[in-house]
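This report refers to the structure that appears directly beneath it.
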Amino acid sequence: MAQVLVVDDDPTVREVVVSYLRAAKYDVAEAADGETALAVMSGARPDLVVLDVMLPGIDGLEVFRRMRAVADVPIVMLTALGAEADRVVGLQLGADDYVTKPFSPRELVLRVASVLRRAGEGADPDDVVLTDGDLVVDVRRHLVTRGGERLTLTAREFDLLRFFVAHAGEAFTREQLLERVWGWSFGDQSTVTVHVRRLREKVEPDPTMPTRIATVWGVGYRWEGS
């Protein structure tokens, strides 16, 4: 589970962002000012920081500089509408993404997921090869084998399989899978059903009686594994 630090002095904004990130299954810490954020960084370092530019005391750009001086942590900056100078400075410093206030919390969650993917994070960033019984998912080589035989998967099928195996035992709705696997904030949820059916045909011993990708009635799907 990726850890995210949210730094914003506005308690309402912070509460909303934290709640949405936790609903997306991130481990979230929060800070209302730069001093607290830097103190958090000196301990257990997060996998990503959501950082507001306008902070009391040490401003967000200085916090950014100090964080990057001790760790190459991905940082998503929050800026006020029209604060072009702050965005330019942040991009020069190496910010991974920018979100302008006011913003959609769901969009921010998608941005966070996107940055973590680019940074090589995910549910389990240390797993380059995911295994489940005779099924092997080689993330780096974008290769899947079952019983030693290579499977032919589309890019979307591969992304869905990787997500399922990395989150074994967890149930997800179709909407969550659309957002967390493919980064879609909207779309026809039946596409998830179609891709699950196609994936079952390739990874299940008997696709008509699936044992790996279980249907959770009233919710969606869960990877049961072998």
Side-chain angles (χ1 to χ4, degrees), residues 1-4 16 18-28 47-48 104-118 120-226:
M1 180 184 295
Q3 297 179 326
V4 179
V16 171
V18 168
S19 66
Y20 269 77
L21 287 170
R22 285 178 176 160
K25 305 302 182 183
Y26 292 105
D27 182 11
V28 187
D47 297 308
L48 180 141
S104 161
R106 293 179 66 185
E107 178 189 355
L108 177 60
V109 171
L110 293 176
R111 297 284 190 95
V112 166
S114 177
V115 170
L116 285 171
R117 281 196 298 270
R118 293 200 304 267
E121 287 296 337
D124 194 346
D126 294 326
D127 278 334
V128 176
V129 177
L130 304 171
T131 60
D132 188 288
D134 66 346
L135 189 71
V136 179
V137 182
D138 190 325
V139 176
R140 181 172 295 169
R141 297 171 62 200
H142 210 272
L143 175 68
V144 179
T145 59
R146 178 182 160 212
E149 296 185 5
R150 182 169 181 171
L151 301 181
T152 302
L153 272 63
T154 66
R156 288 181 182 171
E157 289 168 354
F158 181 88
D159 289 341
L160 182 59
L161 177 61
R162 174 187 177 183
F163 183 85
F164 270 141
V165 177
H167 295 80
E170 298 182 49
F172 297 96
T173 66
R174 291 170 179 81
E175 182 181 19
Q176 287 174 324
L177 290 170
L178 278 175
E179 290 188 358
R180 297 187 60 183
V181 177
W182 301 309
W184 299 352
S185 57
F186 59 89
D188 186 354
Q189 295 182 20
S190 65
T191 190
V192 175
T193 306
V194 171
H195 281 86
V196 166
R197 175 176 55 79
R198 291 175 179 171
L199 200 54
R200 280 172 168 163
E201 292 173 353
K202 297 176 181 182
V203 304
E204 295 282 4
D206 181 357
T208 63
M209 299 182 64
T211 57
R212 280 180 159 151
I213 306 175
T215 297
V216 182
W217 299 109
V219 180
Y221 302 101
R222 179 179 60 239
W223 182 266
E224 297 283 6
S226 299

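For clarity, every value in this text was computed on a predicted model and none was experimentally measured. The residues of the chain are indexed from 1 along the displayed sequence.
Under 4.0 Å is where a charged nitrogen must lie from a carboxylate oxygen, and between Glu170 and Lys25 no such pair does.
Between Gln189 and Leu178 there is a side-chain heavy-atom pair separated by less than 4.5 Å. The side-chain heavy atoms of Trp223 and Leu161, taken from C-beta on, include a pair separated by under 4.5 Å. Residues Val216 and Phe172 have side chains not in contact (no heavy-atom distance under 4.5 Å, counting atoms from C-beta outward). Residues Val109 and Glu179 are not in side-chain contact: their nearest non-hydrogen atoms beyond the backbone lie 4.5 Å or more apart.
Arg156 pairs by the side-chain contact (heavy atoms from CB on, under 4.5 Å) definition with Thr154, Trp182, Trp184, His195, not counting sequence neighbours. Partners of Arg150 according to the salt bridge (Lys or Arg N to Asp or Glu O under 4.0 Å) rule, which considers only residues two or more places apart in sequence or in another chain, do not exist here. Qualifying ring-ring contact (aromatic ring centres under 6.0 Å, His included) partners for Phe158, counting only residues two or more places apart in sequence or in other chains: His142.
Atom-to-atom distance recorded for Tyr20:OH and Leu108:CG is 11.0 Å, nearest 0.5 angstrom. Atom CD1 of residue Ile213 and atom CD of residue Glu204 lie 5.5 Å apart, to the nearest 0.5 angstrom. Atom CG in Leu135 sits 8.0 Å away from atom CZ in Arg146 (nearest 0.5 Å). Asp138 contributes atom CG, which lies 10.5 Å from atom CZ of Arg162 (distance to the nearest 0.5 angstrom).
Without hydrogens or angle criteria, Arg174 side chain to Thr193 main chain gives no donor-acceptor distance under 3.5 Å. Side-chain atoms of Arg212 come within 3.5 Å of backbone atoms of Val203 as a donor-acceptor pair (strictly under, hydrogens ignored).
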